[in-house]
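Below you'll find the structure, written out as structure tokens, and then a few comments.
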Number of protein chains: 2
Amino acid sequence: MSTEPTRRPRPSTIQDVAREAGVSRAAVSKVIRNAYGVSDHMRAQVTAAIERLEYRPRVAARAMRGASFTLGFEIPQVGNDFLTMIVDGATEALADTPYQMIIAPLGRDQKGDVAINSLADRQVDGIVAISPRVDPAWLERVAERTPLVMIGRHDRSERYDTITGDDRSGAEQVMSHLLGLGHRRIVHLTIHPSRPEPPWAGQAGAEAHVVRTAVYRERMAVAGLEPQVVHTLFDGSEAHAATRTLLAAPERPTAVFAGNDTLAIGVLSAVAEAGLDARDVSVVGYDDVPIARHPLIGLTSVDQSGIELGREAVRLLLERLEGRTEAVRYEAEAVLRVRGSSGVLREG
Amino acid sequence: MSTEPTRRPRPSTIQDVAREAGVSRAAVSKVIRNAYGVSDHMRAQVTAAIERLEYRPRVAARAMRGASFTLGFEIPQVGNDFLTMIVDGATEALADTPYQMIIAPLGRDQKGDVAINSLADRQVDGIVAISPRVDPAWLERVAERTPLVMIGRHDRSERYDTITGDDRSGAEQVMSHLLGLGHRRIVHLTIHPSRPEPPWAGQAGAEAHVVRTAVYRERMAVAGLEPQVVHTLFDGSEAHAATRTLLAAPERPTAVFAGNDTLAIGVLSAVAEAGLDARDVSVVGYDDVPIARHPLIGLTSVDQSGIELGREAVRLLLERLEGRTEAVRYEAEAVLRVRGSSGVLREG
DNA sequence: GTGAAAGCGCTAACAT
DNA sequence: ATGTTAGCGCTTTCAC
């Protein structure tokens, strides 16, 4: 025979461990689950056998009967630094638990529900969803089966928990800041609304961006100013293009309030390319991503502590896994961080 | 009874679908796998039943017999823009396949092997590993079970595929650029080597960073200059601190070659804070992350096309899933993108 | 405290 | 072309 004799062709199973340790499969199962009813002696035997055989439980098999010890994160945009902060916070909160995190990114042209379904299909024990654009009714049905935390949307649900920043306060702070600096022509740049308008839209003005835009309109109205809202795609390149158009207009804005930092950074690049700076056009973002505080960027932004949101998401999920069933709403504080990208207009 | 009568408490299984469609379980299985031997009529029946019952196959159950249709990505640093580019490329390549991607990020203080194991435990059909710091011998054993592609390390393996940029050429271009600008005191900033030195270290100078550092030393030696290598952690904050120290030294460097863009951006922040710019200290990075081309950053960097690396990783994995067994090595071109962060010294 | 046996939902081999 | 059957590796009663 030409097959190598030494290599085990097959990873060891719980059966192998049981045989090796001279106990039953059930006994091994109890040991790896830290379940009740194992003698110290047996535990030692089994643990040794597990070591020797390099046994690792197959998660798929475990998931069929018990838990997968996996928490799934649905992330709409892998490169988004704000979402990264959330993941970092979650990672930290997961450190001393038996749970592993997996992230399901959105595929190209894919909606959040595909990724959320994919997590549910994989039998994760809990889901953190971040895509704002999924049907709440559908989400409730998912939450019937799998504990779920939704980050960034202000809707109220009986079945899943929600985590948000205080978007109203954050946007108020931005507007007070810009108006206080004397700006009058303030443009608001934000991601385009879902199109076609989903049937569940309007229901509670759920999305964070929608809240920010609403506050912008209110404050402009109160100040007796004409609002101008520009919609772009998620990524910064379109914000860049939109800003170029704005800057070329006869009456160019003196300030831009961007719906998030990714957009704001795109705005800044267009401003810089036009040879302008904060004394010509003030720019304010939202999320306070790490790069915002880079001295070459110096972006004024609203800190809603992504790290904390991620930590909290995990905490809520773990609570649910321990039995909580009533829905919880958590709101993080919003704090404006003023930096060089916003200021008073150049004189003359 | 107080239980709600209308809600199915249990998601439907293949059995339910079979019953509903009046066929066997195997028949349903064939339909969902697009397998050979189903009449059009039966397919229609089954598809309709699947719709009606909102049936979704449990991935865990499928994985136990067949495939999980899942590709796993082990990512050492979620916030790293270079890795994000890889994921984006992979997402694109996966768009028209039945495979779903999941990302396993490293937990706090966790090594890459934990995440890779976690993916293997979850029965993914293939793994893309990016952590450079895992034992190649161990990796080979993982690859015996699960098709594996390693990105960013130059080792040669019989069992897994490797994808790298041309780090030698990239580093050569950086050094030629800086030396050509007339710089003599060039410092190289890179991530610290594994400590303690792993037993498999030195074996082929596998890591990308190690190659870049080696080229730096060679070129400095050839130019008759004194090399100075500074090691930091992965994230930019330590690079920032290290740079402050460098700038405070009596003979401060006139150029810094950073091992990657994350570090380079940290360097830039320290340079800016010291009130200096490219005419005082040139900075060059590696990876050409998106923010590098932002006009306020303008970081000279080596483009090794992360997008392409990600696309290629998926391509190689899919090839293996279709039966390829010989290992493949793929090397992407490296191209220096010169921007404002590097230039000739200020006169006087 | 321990083990035997049933079964989770699915696919693959083998009937028919 | 379709149905039957035997598991995959694990957890969970439920006996002992």
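Note that the coordinates shown come from a computational prediction; the quantities given were computed from them, not determined experimentally. Proteins come first, then strands; the chains are lettered A, B, ... in the order of their sequence lines, and each starts at number 1.
Between A:R65 and D:dC10 there is no side-chain polar atom (N or O) within less than 4.0 angstrom of OP1 or OP2. Side-chain nitrogen and oxygen atoms of A:S29 include at least one within less than 4.0 Å of the OP1 or OP2 phosphate oxygen of D:dT11. Distances shown here put every side-chain N or O of A:Y55 at or beyond 4.0 Å from the OP1 or OP2 atom of D:dG9. Residue B:S39 places at least one side-chain N or O under 4.0 Å from the OP1 or OP2 atom of D:dT2. Residue A:R62 places no side-chain N or O under 4.0 Å from the OP1 or OP2 atom of D:dC10.
Salt bridge annotation for B:E140-B:R159: absent, with no cationic side-chain nitrogen under 4.0 angstrom from a carboxylate oxygen. One finds no salt bridge joining B:K111 and B:D113 here, because no Lys/Arg side-chain nitrogen approaches an Asp/Glu carboxylate oxygen to under 4.0 Å. Between B:R315 and B:E312, at least one side-chain N (NZ, or NE/NH1/NH2) sits under 4.0 Å from a carboxylate O, which counts as a salt bridge.
The side chain of A:Y36 lies closest to C:dG1, out of C:dC10, C:dG1, D:dT2. Each of C:dG9, C:dG3, D:dT2 was ranked by its minimum atom distance to the side chain of B:M42; first place goes to D:dT2. Side-chain atoms of A:A26 lie closest to D:dT12 of the nucleotides D:dT12, D:dC10, D:dT4. Side-chain proximity of A:A27 to the nucleotides C:dG3, D:dG3, C:dA6 is greatest for C:dG3.
Looking at every heavy atom in both residues, B:G306 comes nearest to B:F82 through CA-CE1, 3.9 Å.
Between A:I163 and A:R311 the shortest side-chain heavy-atom distance does not fall below 4.5 Å.
Atom CG of B:N34 and atom P of C:dC10 are 17 Å apart (whole Å). Remark: C1' of D:dG7 and CD of A:Q15 are 13 Å apart, rounded to the nearest angstrom. Separating the CE atom of B:M64 from the C1' atom of D:dA6 is a distance of 13 Å, rounded to the nearest angstrom. As a whole-Å value, the separation of B:H41 NE2 from D:dG3 P is 10 Å. Look at CD on B:Q123: it is 16 Å from P on C:dC10, rounded to the nearest Å. Rounding to whole angstrom units, CZ of residue A:R19 and P of C:dA4 are separated by 13 Å.
Looking at which nucleotide of DNA chain D each of B:G22 and A:V28 is closest to, the 5′-most match is held by B:G22.
A:R33 contributes no side-chain N or O that forms a donor-acceptor pair with the base of D:dT11 under 3.5 Å.
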